[in-house]
Amino acid sequence: MIDFGKFKQSLTLLESQFGHWHTLDTSLPTWIQEAVSESVIQRYETCYDCLWKVLKRYLKEGLGLPDVPNSPKPLFRIANENNLLTSDIAQWLIYADTRIGTSHDYDGEKAKAALKIMDAFIKDAVNLYQTISGETWS
């Protein structure tokens with residue numbers, strides 16, 4: 001049995017924090033605004049990591065695929081081939097590149113790029129969660 005709990009929790013926290021970021025009072029000091037932005041990105045990294053790891057397990061245990069790679073991009077391609085993704089594979093590769101960018105070379109531009117894709121990522125992650133878990137997102 002596949003445990004979707006960590007994926008669900010990380011996605012819930014990301015969705016919540018991204019909502020806070022959207023409604024953030026821009027008159028707050030810059031350091032507070034930056035802290036909230038960084039928190040969203042950190043939650044994205046955590047959610048992304050939980051997502052691809054549970055996807056790997058689903059491909060192995062749920063679909064019974066024998067040779068499942070141990071890295072996100074090939075997993076996303078396999079998930080796409082098995083009709084698990086609701087958006088184009090190119091979008092999922094952008095999520096992967098964004099995750100790599102935020103963890104290896106964090107700067108203001110990479111942070112802005114990460115925040116730009118967040119809404120799409122959350123929607124795609126929710127769709128994937130529903131598809132592989134069989135649960136409706138609430």
Side-chain angles (χ1 to χ4, degrees):
M1 182 158 185
I2 300 169
D3 180 7
F4 296 99
K6 288 181 184 178
F7 176 26
K8 184 177 184 178
Q9 180 183 21
S10 68
L11 183 52
T12 300
L13 291 171
L14 171 60
E15 190 176 48
S16 174
Q17 192 65 354
F18 188 58
H20 295 309
W21 178 79
H22 264 297
T23 60
L24 192 63
D25 182 352
T26 56
S27 68
L28 291 170
T30 303
W31 68 270
I32 293 176
Q33 295 178 53
E34 289 173 355
V36 174
S37 296
E38 289 172 7
S39 173
V40 170
I41 293 166
Q42 179 64 49
R43 289 191 176 176
Y44 165 72
E45 292 172 344
T46 301
C47 182
Y48 175 89
D49 291 347
C50 287
L51 179 152
W52 80 261
K53 289 173 183 173
V54 79
L55 177 60
K56 177 184 174 185
R57 191 159 184 192
Y58 180 82
L59 292 171
K60 287 173 97 168
E61 296 177 22
L63 296 184
L65 300 178
D67 297 318
V68 178
N70 196 31
S71 61
K73 286 184 179 183
L75 288 174
F76 295 148
R77 287 185 182 99
I78 294 169
N80 187 57
E81 292 167 3
N82 285 277
N83 300 314
L84 299 177
L85 307 180
T86 55
S87 65
D88 190 78
I89 184 64
Q91 185 63 43
W92 284 88
L93 298 179
I94 290 170
Y95 301 148
D97 290 340
T98 301
R99 172 63 176 101
I100 292 166
T102 61
S103 62
H104 296 295
D105 186 21
Y106 191 83
D107 65 21
E109 292 307 309
K110 295 201 188 249
K112 288 178 190 172
L115 291 167
K116 276 186 175 180
I117 59 108
M118 208 57 59
D119 192 46
F121 174 77
I122 291 169
K123 287 176 186 170
D124 284 338
V126 165
N127 287 334
L128 180 63
Y129 175 83
Q130 292 181 130
T131 298
I132 64 178
S133 72
E135 297 177 14
T136 301
W137 189 256
S138 53

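All figures in this text were calculated on a predicted structure; none of them were measured in a lab. Worth knowing before you read on, the calculation uses all heavy atoms, side chains too, and leaves out hydrogens, waters and symmetry mates.
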Residues T98, K116; criterion side chain to side chain contact (heavy atoms under 4.5 Å, CB included); working and verdict: CA-CA 10 Å; T98 301; K116 276 186 175 180; over 6 Å; no

Where do S87 and N80 come nearest, in terms of heavy atoms and distance? O-OD1, 4.4 Å

Can you name the closest pair of heavy atoms from C47 and F7 and give their distance?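 Closest approach of C47 to F7, heavy atoms only: SG-CE1, 4.3 Å.
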
Can you find a heavy atom in the side chain of [X] that is under 4.5 Å from one in the side chain of [Y]?
X	Y	value
D124	L85	no
K110	I41	no
L24	H20	no
L55	L84	yes

Roughly how far, to the nearest 0.5 Å, is the [atom2] atom of [Y] from the [atom1] atom of [X]?
X	Y	atom1	atom2	value
Y129	C50	OH	SG	12.0 Å
F121	L51	CZ	CG	5.0 Å
Q33	D25	CD	CG	8.0 Å
K123	Q91	NZ	CD	11.0 Å
K8	S133	NZ	OG	7.5 Å
N127	I132	CG	CD1	11.5 Å

Whether over 12 other heavy atoms sit under 6.0 Å from Q9 CD: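 Not buried by this count: 12 neighbours or fewer within 6.0 Å.
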
Please table the atom pairs, donor to acceptor, closer than 3.5 Å between any side-chain atom in residues 59-76 and protein atoms at least two apart or in another chain.
| from | atom 1 | to | atom 2 | distance (Å) |
| --- | --- | --- | --- | --- |
| E61 | OE1 | R57 | NE | 3.4 |
| E61 | OE2 | R57 | NE | 2.8 |
| N70 | OD1 | K56 | NZ | 2.7 |
| K73 | NZ | D97 | OD1 | 2.6 |

Any donor-acceptor pair under 3.5 Å linking the side chain of Q17 with the backbone of V40? no

Can you classify the ring geometry of Y58 versus F4 as parallel (below 30°), tilted (30 to 60°) or perpendicular (above 60°)? tilted

Do L13 and Y48 sit in one hydrophobic cluster, given that two such residues count as connected whenever their side-chain heavy atoms are within less than 4.5 Å of each other, even indirectly? no

